[in-house]
S.K.: 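Structure in structure tokens, see below.
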Amino acid sequence: MIELPPAQSFVIVGVDSTGKRFRPSDWAERLCGVMSSFRPPGMPADPLRWSPLVQPSMRDGHRCVVVDARLRGIEPMAYDFLRKFARDNDLVVIEGELSELRRPPEKKA
């Protein structure tokens, strides 16, 4: 059995490695809509709400998707899909603790 590294929470930022904005402009909402059924155990499915594990956000004026590491334990293929989506589209990924990722970054003076 192959042992995987621990899951990490991460943010997919809607810009590529060259700084070009990712299109279409509603990509984050579309991606979160696809992931809306993946929820913690015992939480009822609600197609009209984002999953608490995959949520759209904004960071420095760019659309983002915040991914909770718990997703990998619930649905590893969905977690891997999001990782590959970011990699295949050359999007910036920021990893860290979920509480830090959900907090907007400080504005520089």
Side-chain angles (χ1 to χ4, degrees):
M1 175 188 264
I2 297 173
E3 190 168 322
L4 298 173
Q8 293 257 343
S9 295
F10 60 98
V11 174
I12 303 170
V13 183
V15 293
D16 66 20
S17 62
T18 68
K20 184 177 175 187
R21 190 176 301 263
F22 187 63
R23 297 284 182 213
S25 61
D26 65 345
W27 72 271
E29 291 81 2
R30 290 182 187 199
L31 190 57
C32 291
V34 169
M35 296 289 154
S36 67
S37 64
F38 299 111
R39 298 172 178 274
M43 181 178 235
D46 183 348
L48 300 178
R49 295 183 187 249
W50 309 123
S51 166
L53 304 174
V54 184
Q55 296 194 334
S57 185
M58 293 292 287
R59 189 177 197 90
D60 296 329
H62 300 291
R63 294 194 183 282
C64 303
V65 172
V66 179
V67 180
D68 186 321
R70 294 178 297 163
L71 178 63
R72 190 165 101 185
I74 294 167
E75 184 48 70
M77 289 175 61
Y79 182 87
D80 290 344
F81 170 80
L82 292 168
R83 287 277 188 190
K84 290 175 184 173
F85 176 86
R87 183 194 66 216
D88 292 350
N89 289 289
D90 190 31
L91 297 175
V92 172
V93 173
I94 302 168
E95 300 198 39
E97 292 297 318
L98 193 59
S99 60
E100 293 297 316
L101 295 174
R102 284 197 171 140
R103 185 179 347 198
E106 293 181 20
K107 301 279 184 200
K108 295 182 180 174

S.K.: Quick one: OG on S25 to CZ on R30, what's the gap to the nearest 0.5 Å?
M.R.: 8.0 Å
S.K.: For residues M43 and P52, determine if any side-chain heavy atom of one lies less than 4.5 Å from a side-chain heavy atom of the other.
M.R.: yes
S.K.: Just so I know, are the side chains of F38 and V54 near enough to count as touching, which here means a heavy-atom distance under 4.5 Å?
M.R.: no
S.K.: Could you report the tightest heavy-atom contact between G33 and W50, atom names first, then the distance?
M.R.: N-CZ3, 3.5 Å
S.K.: Tell me the closest heavy-atom pair linking R70 and P40, and the distance in Å.
M.R.: NH1-CG, 4.3 Å
S.K.: Less than 4.5 Å apart, side chain to side chain, heavy atoms only: is that true for V67 and M35?
M.R.: no
S.K.: Is there side-chain contact between V93 and E95, with heavy atoms separated by less than 4.5 Å?
M.R.: yes
S.K.: Looking only at non-hydrogen atoms, find the nearest pair between P56 and A28 and report the distance.
M.R.: CB-CB, 4.3 Å
S.K.: Is it true that, when you exclude R49 itself, more than 12 heavy atoms of the residues, nucleotides or ligands shown sit nearer than 6.0 Å to its CZ?
M.R.: no
S.K.: Could you tell me the separation between the OG atom of S9 and the CD1 atom of I94, rounded to the nearest 0.5 Å?
M.R.: 13.0 Å
S.K.: Quick one: SG on C64 to CG on L31, what's the gap to the nearest 0.5 Å?
M.R.: 12.0 Å
S.K.: Is any side-chain heavy atom of R83 closer than 4.5 Å to a side-chain heavy atom of Q8?
M.R.: yes
S.K.: Would E75 and R39 pass as an ion pair if we require N to O under 4.0 Å?
M.R.: no
S.K.: Can you tell me how far CD1 of I74 sits from OG of S51, rounded to the nearest 0.5 angstrom?
M.R.: 7.5 Å
S.K.: Would you be so kind as to tabulate the donor-acceptor pairs closer than 3.5 Å made by side chains of residues 10-17, with sequence neighbours excluded?
M.R.:
residue	atom	partner	partner atom	Å
D16	OD1	T18	N	2.9
D16	OD1	T18	OG1	2.6
D16	OD1	G19	N	3.1
D16	OD1	K20	N	3.0
S17	OG	D90	OD1	3.2
S17	OG	D90	OD2	2.6

S.K.: Give me the atom names and distance for the closest heavy-atom approach of H62 to R21.
M.R.: ND1-NH1, 3.5 Å
S.K.: Only counting residues at least two apart or in another chain, list the ones meeting side-chain hydrogen bond (donor to acceptor under 3.5 Å, both in side chains) with E29.
M.R.: R63
S.K.: Look at the rings of F85 and W27 and say which category their plane angle falls in: under 30° parallel, 30 to 60° tilted, over 60° perpendicular.
M.R.: parallel
